[in-house]
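Here's the structure, in structure tokens; my notes come after.
All residue numbers in this chain count up from 1 along the given sequence.
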Amino acid sequence: MKYALPILLTSTLLAAVSIQADTLTIPVGQQASGQQSSLPQRGTSTSAVSQQYGEPLTRHAAVGEPPISRWDYAGFSVYFEHDKVVHSVHQHTPRNN
């Protein structure tokens, strides 16, 4: 009985030492670095976006209140609230390793 505690502590320590994990770092803020300036800016009107970037590949109907719609272009999407840009994002393109 007097050896039970040391054996328990030793086995717990050995189990903790044998557990390892790798850390995966994804630089989220750098995914589209250098490309941000080419996207429509917040507050731009739908007509200005259409004039500068042309007709989108797909127009998604507005949903919700306030109405949010999305236009998809090759490589990026633009989100509108009413007729103003609220956000522009690059579409994910997976890398082949």
On the 0 to 90° scale, with breaks at 30° and 60°, tag the Y79-H87 ring pair as parallel, tilted or perpendicular. tilted
Enclosure of R59 CZ (heavy-atom neighbours >12, cutoff 6.0 Å):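 Result for CZ/R59: enclosed.
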For residues 64-71, please give each side-chain donor-acceptor pair under 3.5 Å, one per line with the distance, not counting sequence neighbours.
| unit_1 | atom_1 | unit_2 | atom_2 | d |
| --- | --- | --- | --- | --- |
| R70 | NE | D72 | OD1 | 2.8 |
| R70 | NE | D72 | OD2 | 3.4 |
| R70 | NH2 | H60 | NE2 | 2.7 |
| R70 | NH2 | D72 | OD2 | 3.1 |

Search all heavy atoms of P40 against all heavy atoms of V49 and return the closest pair with its distance. CB-CG2, 3.9 Å
Looking at V85 and F80, what are the two nearest heavy atoms and their distance?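 Closest approach of V85 to F80: CG2-CE2, 3.5 Å.
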Distance in Å, [X] [atom1] paired with [Y] [atom2], rounded so as to fall on 0.5 Å steps:
| X | Y | atom1 | atom2 | answer |
| --- | --- | --- | --- | --- |
| S38 | Q52 | OG | CD | 9.5 Å |
| S77 | Q91 | OG | CD | 4.0 Å |
| Q51 | T46 | CD | OG1 | 11.0 Å |

Quick one: do Q41 and S88 satisfy side-chain hydrogen bond (donor to acceptor under 3.5 Å, both in side chains)? Show the steps, please. CA-CA 7 Å; Q41 298 298 308; S88 300; over 6 Å; no
Test your reading of the model: is there a side-chain donor-acceptor pair from Y73 to the backbone of E55, 3.5 Å cut-off?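 No: the side chain of Y73 does not pair with the backbone of E55.
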What residue pairs, at least two apart or across chains, pass salt bridge (charged side-chain N to carboxylate O under 4.0 Å, His left out) with a residue in residues 75-91? none
